[in-house]
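Written below as structure tokens is the structure these notes are about.
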Amino acid sequence: MPAPEAPVTFGASTHGLRGDYRDMRPDYTVTQRYGAYSEADQDRWRRLYARQIRLVPGRACPEFLRVIDTLGYEQGIPRFDEVNERLGRATGWQVVAVPGLLPEPVFFGHLAERRFPVTVWLREESEFDYIVEPDVFHDFFGHVPLLFDPVFADYMQAYGRGGQKADGLHALEYLARLYWYTVEFGLVRTDAGLRVYGAGILSSPAEVSYALASPEPRRIGFDLKRVMRTRYKIDSFQQTYFVIDDFGQLFRETAPDFTPLYARIAGLDPYPADTVLPQDQLFGPVED
Ligand code: HBI
Ligand code: FE
């Protein structure tokens, strides 16, 4: 197969992508070759998991905590087949193995069909604390648990369908910001206080407490149009987090056709990532 075009992703870094895109199928999926993971990989996975699972109680949202320790992640890198058996029964979602970041239209196509693309490879030892691209740990630890929640699962599919549509409307940038500030870096209010549901935070050893407890970042009540206009940083902690009331709000607010919204935003300047507007609903840091 000829080398595919380099995936175009908004906000992605300029360094080359890590994955091996040679042996994939036309839909960018590959087969997980479980025997190809080394014992060092398995050991690194177990250490990543052990570190992160200690950090999430009292910080991750209940929907995440309900499933994270039922998935057998402590044993080693998960097998796609085994996760799929349980995930399929819960919400009809499946994970598919991919070489890494996908071009947006391909990524959206999978989500629209209730398939979540999970990167097959694991980060190197030198990236133990921080990695720019998604790897198998980020995807399985951060994203997969929430796909067990029926409301969040439906939001992800609706997002994929919206993405397919936005492509033709030149609005991918707006949808990328929505994804970033919800699926990757979202916070949610609960009766017990603010909690994390964004996968980028949940899989990060340092940001999981920073996002909730640091006095530095802004925490702003979710406002769809505001989110779509807000730039983001990909190589540092976030300067702003958006806070939803619950997953139902996410699904409801993103259910309507975005076409008129895109038209209204199109002429407007984006906000820098650290903007605070007079109408923003601000949340203070929580005690760590
Ligand atoms: N591909 N594998 C993978 N994982 C992602 O999270 C991902 C992607 N391609 C595009 C993308 N995310 C973002 O640009 C979002 O805007 C969807
Ligand atoms: Fe991610």
Side-chain angles (χ1 to χ4, degrees), residues 4-14 16-21 24-25 27-30 32 48 52 60 64 80 93-123 127 130-147 152 155-167 169-186 196-204 207-208 211 227-235 238 241-242 250 254 258 262 270:
E5 285 174 47
V8 179
T9 55
F10 285 100
S13 60
T14 48
L17 291 171
R18 166 92 50 93
D20 182 351
Y21 291 79
M24 62 189 191
R25 304 176 190 98
D27 67 354
Y28 280 69
T29 61
V30 296
Q32 182 189 36
L48 284 164
Q52 209 62 22
F64 178 92
F80 281 66
W93 271 77
Q94 296 282 276
V95 289
V96 291
V98 297
L101 279 174
L102 305 184
E104 275 156 338
V106 180
F107 184 65
F108 294 140
H110 283 297
L111 298 185
E113 301 289 335
R114 292 175 97 83
R115 286 191 298 266
F116 192 83
V118 170
T119 304
V120 275
W121 50 266
L122 183 66
R123 69 192 66 184
E127 300 159 313
Y130 179 75
I131 182 163
V132 180
E133 278 176 73
D135 73 337
V136 67
F137 181 75
H138 164 80
D139 284 333
F140 268 129
F141 192 94
H143 289 287
V144 169
L146 288 179
L147 295 172
F152 190 82
Y155 168 66
M156 287 292 277
Q157 180 177 29
Y159 179 84
R161 290 180 171 154
Q164 292 178 307
K165 232 165 118 184
D167 203 7
L169 299 170
H170 306 288
L172 282 183
E173 195 173 11
Y174 307 138
L175 268 206
R177 291 181 186 139
L178 175 61
Y179 190 85
W180 191 264
Y181 282 120
T182 60
V183 177
E184 294 293 353
F185 291 96
V196 175
Y197 73 93
I201 310 175
L202 290 170
S203 62
S204 160
E207 195 157 357
V208 76
V227 169
M228 286 191 179
R229 286 181 64 183
T230 308
R231 290 211 162 106
Y232 56 83
K233 302 271 160 127
I234 68 152
D235 53 1
Q238 298 305 301
Y241 301 94
F242 288 96
L250 213 48
T254 55
F258 285 164
Y262 296 150

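In listed order, ligands and their atoms are each counted from 1. We number each residue from 1, following the sequence as shown.
Here Lys165 pairs with Asp257 under the salt bridge (Lys or Arg N to Asp or Glu O under 4.0 Å) rule; sequence neighbours left out. In this structure Glu113 satisfies the salt bridge (Lys or Arg N to Asp or Glu O under 4.0 Å) test with no other residue, sequence neighbours excluded.
Ligand 1 is approached by Gly100 to a heavy-atom distance shorter than 4.0 Å.
Listed by atom number, the atoms of ligand 1 under 4.0 Å from Phe108 heavy atoms are 17 (C). Residue Leu102 has at least one heavy-atom neighbour below 4.0 Å for each of these atoms of ligand 1: 1 (N), 2 (N), 3 (C), 8 (C), 9 (N), 10 (C). Remark: ligand 1 atoms within the under-4.0 Å shell around heavy atoms of Ala176 are 16 (O).
Ring orientation note: the planes of Phe116 and Trp93 are tilted relative to one another, at an angle of 30° to 60°. Taking the six-membered ring where the residue is Trp, His138 and His143 present perpendicular rings, their angle passing 60° and hence far from 30°.
With a 4.0 Å cut-off on non-hydrogen atoms, Trp180 does not touch ligand 1 at all.
The residue from Tyr159, Tyr28, Phe107, Tyr179 that puts a heavy atom closest to atom 8 (C) of ligand 1 is Phe107.
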Check against side-chain hydrogen bond (donor to acceptor under 3.5 Å, both in side chains), Tyr179 and Glu104: CA-CA 12 Å; Tyr179 190 85; Glu104 275 156 338; over 6 Å; no

Are Gln157 and Arg114 close enough, and set up right, to give a side-chain hydrogen bond (donor to acceptor under 3.5 Å, both in side chains), and what steps lead you there? CA-CA 6 Å; Gln157 180 177 29; Arg114 292 175 97 83; 2.7 Å; yes

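Taking only nitrogen or oxygen atoms, main chain and side chain alike, Thr119 does not reach within less than 3.5 Å of ligand 1.
The Fe ion (ligand 2) sits nearest to atom NE2 when only the N, O or S atoms of His143 are considered.
A donor-acceptor contact under 3.5 angstrom links the side chains of Thr119 and Asp139, judged on distance only.
Atoms NE2 of His138 and OE1 of Glu184, as seen from the Fe ion (ligand 2), are separated by an angle of 90°, to the nearest 10°.
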